[in-house]
Protein chains: 2
Amino acid sequence: MSMIQTMDADGGDADGGEPLSLHQRILSDISERILSGAWAPGHRIPFEHELTAEYKCSRMTVNKALSQLAKAGLIERRRRSGSFVRRPQSQAAVLEIHDIRIEVEALGLPYRYERVARHKRRSSAEDRALLELDSNGPVLALECRHFAGKRPFAHEQRLINLAAVAEAANEEFFAVAPGPWLIARVPWSAAEHRIRAVAADRHIATALEIESGAPCLVVERRTWSAEHPVTHVRFTYAADSHTLVARFTPSQG
Amino acid sequence: MSMIQTMDADGGDADGGEPLSLHQRILSDISERILSGAWAPGHRIPFEHELTAEYKCSRMTVNKALSQLAKAGLIERRRRSGSFVRRPQSQAAVLEIHDIRIEVEALGLPYRYERVARHKRRSSAEDRALLELDSNGPVLALECRHFAGKRPFAHEQRLINLAAVAEAANEEFFAVAPGPWLIARVPWSAAEHRIRAVAADRHIATALEIESGAPCLVVERRTWSAEHPVTHVRFTYAADSHTLVARFTPSQG
DNA sequence: GCCGCAGTTATGTATATACATATTGAAACG
DNA sequence: CGTTTCAATATGTATATACATAACTGCGGC
């Protein structure tokens with residue numbers, strides 16, 4: 001009894017070896033077999049009590065690993081029946097959307113920000129549609145440009161709901177871009193992004209110094225914090241200046 | 001002693017009440033306070049032993065909740081110091097990329113698939129660059145169209161690595177689109193997506209029945225299974241036919 | 001043969017306990 | 001006064017145990 005886990009060289013595969021906890025090792029062993037295809041979708045993975053015997057550990061430890069695999073969507077657990085490898089369903093990918101300064105500096109180019117216009121106004125019907133706002137409270141409308149080197153990199157059109165972020169009314173946004181300013185102030189938020197291609201209209205074409213009608217990538221983001229609409233922003237990129245990258249790696253717990 | 005958890009009406013907030021487990025309730029209580037801004041970034045959340053007293057449960061139960069919050073990125077845990085609300089960093093969003101049939105049918109339009117061309121060949125240098133392939137093994141190159149009603153909805157150019165998916169060599173892809181065919185066969189995969197705007201060239205313009213030079217959304221996907229390149233696919237959509245949607249909700253346990 | 005009621009089984013959740021580990025703050029010491 | 005040491009503390013991981021719950025199995029009664 002007791003025995004409280006010494007966990008040194010046995011098992012035998014003697015691979016690299018930063019100190020992984022046991023449940024993490026179980027998790028990665030199993031997910032590797034699933035991702036390699038050794039255990040195909042539908043395959044029943046060993047019962048908890050079998051893994052308990054294999055790894056000489058308690059059921060809680062095995063359970064921790066399997067619960068995480070289930071939450072990650074790699075397996076499905078059914079009482080009385082066991083745990084089964086799921087078949088991959090919707091292709092989901094994680095899209096990381098960084099601050100534009102970061103994007104530009106990652107290209108090795110100097111970043112510059114310019115505020116083009118700023119209007120405080122009572123929200124129009126169009127504003128309310130973009131922000132998904134009920135009341136006709138005040139909003140701040142901003143137009144900005146982000147440069148990579150000498151060339152315009154992105155055009156930004158933004159609405160800020162002043163009912164949610166009152167302090168924005170006192171900020172000119174000459175020096176700070178509204179994105180980082182909001183991130184520093186609004187604690188945690190949910191967001192929805194819409195991505196599409198458009199032809200540049202005259203206004204955008206001038207702002208981005210491209211031809212009217214040229215293809216552009218548009219990323220629109222709507223942001224909520226604590227259920228309240230905070231901001232709506234539309235970024236427009238010239239076709240050749242920007243590519244979004246999204247990755248998906250199942251689990252990697 | 002024992003007491004093994006009866007867990008009925010106390011606490012007092014008497015809200016809705018589908019049967020949440022205790023650690024889930026702790027988790028959602030805390031994440032609500034973080035997301036509402038009540039606990040701002042940097043705030044120290046109660047110690048495990050304090051929550052233990054508040055919820056009258058064991059430390060393991062509290063620990064389970066806090067560990068999950070840490071893994072979800074909402075809090076940061078430091079030994080000896082406590083757990084702290086993190087400040088949100090990179091805006092990350094989950095982009096769900098469904099099968100095109102699903103996308104089209106979600107619009108309420110009839111879906112039709114058409115195979116335009118199919119070539120089996122030894123991989124060219126360009127093929128190898130797209131697939132990130134080392135050897136010059138055989139590949140299958142496909143060109144297809146997806147229709148929504150009478151109009152072309154998307155154009156698909158695909159390479160399949162026949163070293164990874166040998167059976168594809170025997171499939172004509174007249175009736176089945178390569179996407180669903182592969183998903184049913186390749187167990188689990190990692191993927192990388194690149195999204196950008198382009199102007200339609202002559203070939204694409206003809207295929208999508210749009211004007212040459214019109215803006216298009218391009219989604220490229222590279223897929224691996226068990227570290228081996230499986231397929232590279234480029235979908236091209238006419239600007240007005242398609243919008244990608246990505247959502248981000250922090251945590252949601 | 002069919003239906004309902006146990007019993008069995010695997011997972012789900014929780015407890016009390018034990019020991020490991022990183023970190024901090026204060027006491028002891030040169 | 002600065003440095004080293006040490007104990008206190010909060011989290012990290014694991015154990016053994018207990019009971020709950022869902023779902024499948026088979027048995028018995030009709």
Side-chain angles (χ1 to χ4, degrees), chain A residues 1-8 10-11 17-30 42-86 253, chain B residues 1-8 10-11 17-30 42-86 253:
Chain A
M1 32 143 60
S2 79
M3 192 36 104
I4 300 270
Q5 193 63 35
T6 329
M7 175 36 65
D8 60 339
D10 76 329
E18 71 286 275
L20 273 185
S21 62
L22 221 190
H23 72 262
Q24 275 182 100
R25 201 161 75 81
I26 299 175
L27 189 151
S28 67
D29 281 4
I30 294 177
H43 180 268
R44 207 209 76 224
I45 76 172
F47 295 128
E48 292 190 350
H49 70 264
E50 295 174 300
L51 293 168
T52 278
E54 187 180 333
Y55 287 94
K56 296 190 206 316
C57 65
S58 75
R59 188 166 80 87
M60 278 300 293
T61 304
V62 170
N63 185 286
K64 198 166 186 172
L66 295 189
S67 301
Q68 285 186 44
L69 282 171
K71 217 168 57 156
L74 276 182
I75 67 173
E76 182 189 338
R77 313 201 71 192
R78 285 201 292 275
R79 280 168 149 136
R80 171 68 216 249
S81 310
S83 305
F84 300 82
V85 178
R86 296 223 320 189
Chain B
M1 32 144 62
S2 81
M3 193 32 109
I4 298 268
Q5 192 62 35
T6 330
M7 175 35 64
D8 60 338
D10 78 329
E18 72 284 276
L20 274 185
S21 62
L22 220 190
H23 70 263
Q24 276 181 94
R25 202 161 74 82
I26 299 175
L27 188 151
S28 66
D29 280 6
I30 294 177
H43 181 267
R44 208 210 76 225
I45 75 172
F47 295 128
E48 291 190 349
H49 71 262
E50 294 175 299
L51 292 168
T52 278
E54 187 180 332
Y55 287 94
K56 294 190 207 314
C57 66
S58 75
R59 188 167 79 89
M60 279 298 294
T61 304
V62 170
N63 185 287
K64 198 166 186 172
L66 295 189
S67 302
Q68 284 185 45
L69 282 171
K71 217 169 54 155
L74 275 182
I75 67 173
E76 182 190 338
R77 313 201 70 193
R78 285 201 293 273
R79 279 170 152 135
R80 171 69 217 245
S81 311
S83 306
F84 300 83
V85 178
R86 295 223 320 189

Set of residues satisfying side chain to side chain contact (heavy atoms under 4.5 Å, CB included) with respect to A:Arg80, sequence neighbours excluded
none
How close or far is atom C1' of D:dT9 from atom CD of B:Glu50, stated in whole angstroms?
12 Å
Can you list everything that forms a side chain to side chain contact (heavy atoms under 4.5 Å, CB included) with A:Arg59? Sequence neighbours excluded, please.
A:Glu48, A:Thr52, A:Asn63
Whether each nucleotide of nucleotides 7-13 of chain C has a protein heavy atom under 4.0 Å at its base (B), only at its sugar-phosphate (S) or at neither (-) is summarised, 5' to 3', as BBBBBBB
Is the distance from OP1 or OP2 of C:dT15 to the nearest side-chain N or O of B:Thr61 less than 4.0 Å?
yes
For A:Glu50, what residues pass the salt bridge (charged side-chain N to carboxylate O under 4.0 Å, His left out) criterion, not counting sequence neighbours?
A:Arg44
Begin from the C-alpha positions of A:Leu22 and A:Tyr55 and carry the test side-chain contact (heavy atoms from CB on, under 4.5 Å) through to its verdict.
CA-CA 9 Å; A:Leu22 221 190; A:Tyr55 287 94; 4.1 Å; yes
When rounded to whole Å, the NZ to P distance for the pair A:Lys56 and D:dA14 reads 16 Å
Gap between atoms CZ and P, on A:Phe84 and D:dA23 respectively (whole Å)
13 Å
Among all residues two or more places apart in sequence or in another chain, which pass the side-chain hydrogen bond (donor to acceptor under 3.5 Å, both in side chains) test with B:Arg78?
B:Glu76
Residues in side chain to side chain contact (heavy atoms under 4.5 Å, CB included) with B:Ala72, at least two apart?
B:Ser251
